[in-house]
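Only heavy atoms go into these numbers, but all of them, side chains included; no hydrogens, no water, no symmetry mates.
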Amino acid sequence: MKNEYLVTWKRYRSWELDGRYDPKQNKKFLLLLVMGIVYFSAGVLLAFALSGFGTNGIALPALFIFLGLLSMYFALLSDIVKAKKNYGMCVKSYGVRPTPQDNNMWIHTVIFENGKITASGDDHPMEFRYSGISDIESKGDEVKIRFLTGELVRIYKSTFVTGSYEKLTREIKEKNPSVNIIEK
């Protein structure tokens with residue numbers, strides 16, 4: 001079976017930011033956001049309290065406002081900036097242009113055969129065994145195949161070139177009965 005799809009910025013961004021803004025999954029996000037709000041609020045309150053001192057009372061509130069804005073940047077925007085940079089590097093390394101309308105994307109191919117999974121789309125294809133799969137999580141069209149090593153392979157139900165998602169899950173369950181199949 002073969003699953004093949006284009007990796008666009010929108011798709012790549014969804015991978016990179018998956019769970020980043022969920023306070024249950026990412027405590028750093030929550031901590032930085034709370035710090036940003038507290039520092040920014042303290043800076044504004046200090047600015048009002050010290051407004052009678054003229055220019056001598058600006059440094060401390062400005063510092064707090066700056067720290068608040070910096071914390072909120074790291075909580076909300078730094079992951080997007082980092083993802084955009086990484087995506088640009090990936091496109092330079094192994095990007096293709098299937099048609100003139102397509103910019104900055106590459107083809108990701110995942111092949112399932114003989115009890116192994118071969119994922120390629122760059123210079124170094126990765127190979128996994130069905131026996132190493134811990135679970136398969138499906139949400140809508142997106143499917144995440146997680147391995148015992150912590151690695152992850154993403155495929156999409158609608159992008160099977162040969163075979164189908166149902167056939168794939170049956171085959172994997174036959175070769176590795178301990179796999180958990182999670183439908184969300």
State yes or no: do [X] and [Y] share one hydrophobic cluster built from I, L, V, M, F, W and Y residues joined by side-chain heavy-atom distances below 4.5 Å, directly or via other members?
| X | Y | answer |
| --- | --- | --- |
| I172 | L152 | no |
| V34 | Y73 | no |
| F112 | V179 | yes |
| I145 | M1 | yes |
| I155 | I111 | no |

Side chains of S158 and D141 only: does a donor on one sit below 3.5 Å from an acceptor on the other?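 A donor-acceptor contact under 3.5 Å links the two side chains.
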Taking atom types as modelled, is there a side-chain donor on S138 or K184 under 3.5 Å from an acceptor on the other?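 There is no such pair between these side chains.
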Does K144 pair with D135 as a salt bridge, N-O distance under 4.0 Å?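 Judged by the 4.0 Å cut-off on N to carboxylate O distance, K144 and D135 do not form a salt bridge.
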Calculate, to the nearest 0.5 Å, the distance between atoms [atom1] and [atom2] belonging to [X] and [Y] respectively.
| X | Y | atom1 | atom2 | answer |
| --- | --- | --- | --- | --- |
| K28 | M35 | NZ | CE | 11.5 Å |
| S71 | L31 | OG | CG | 8.5 Å |
| L77 | K84 | CG | NZ | 14.5 Å |
| L46 | F48 | CG | CZ | 11.5 Å |
| T159 | E4 | OG1 | CD | 8.5 Å |
| Y165 | R170 | OH | CZ | 11.5 Å |

State, to 0.1 Å, how close [X] and [Y] come at their nearest heavy-atom pair, and which atoms those are.
| X | Y | result |
| --- | --- | --- |
| P125 | T118 | CB-CG2, 4.3 Å |
| E171 | Y130 | OE2-OH, 2.8 Å |
| G163 | K167 | CA-CD, 4.5 Å |
| P61 | G43 | CB-O, 3.3 Å |

Do R11 and Y156 form a cation-pi contact, if we require the NZ or CZ to be under 6.0 Å from the six-membered ring centre and within 45 degrees of the ring's axis?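 Yes.
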Would you find a donor on one side and an acceptor on the other, under 3.5 Å apart, between the side chain of [X] and the backbone of [Y]?
| X | Y | value |
| --- | --- | --- |
| H108 | L6 | no |
| S134 | R146 | yes |
| T169 | E166 | yes |
| Y39 | I65 | no |
| K157 | G140 | yes |
| D79 | L17 | no |

Could you check if a side-chain atom of Y87 sits within less than 4.5 angstrom of a side-chain atom of K85, using non-hydrogen atoms only?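 Result no, sub-4.5 Å side-chain heavy-atom pair not found.
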Is F40 close to M72 at the side-chain level, that is, under 4.5 Å between some pair of heavy atoms?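 They are in side-chain contact.
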Using the rule given for side-chain contact (heavy atoms from CB on, under 4.5 Å), can you reason through V143 versus I136, listing the C-alpha separation, both sets of side-chain angles and the distance that settles it, and then say yes or no? CA-CA 7 Å; V143 178; I136 300 173; 3.6 Å; yes
Set of residues satisfying ring-ring contact (aromatic ring centres under 6.0 Å, His included) with respect to F29, sequence neighbours excluded: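 With sequence neighbours excluded, F29 shows a ring-ring contact (aromatic ring centres under 6.0 Å, His included) to Y21, given in chain and number order.
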Is it true that, when you exclude F64 itself, more than 12 heavy atoms of the residues, nucleotides or ligands shown sit nearer than 6.0 Å to its CZ?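 Result for CZ/F64: open.
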Passes side-chain contact (heavy atoms from CB on, under 4.5 Å), K2 versus V110? Steps please. CA-CA 6 Å; K2 183 177 180 182; V110 183; over 6 Å; no
Between V153 and F128, is the side-chain contact (heavy atoms from CB on, under 4.5 Å) condition met? List the steps. CA-CA 10 Å; V153 172; F128 305 96; 3.6 Å; yes
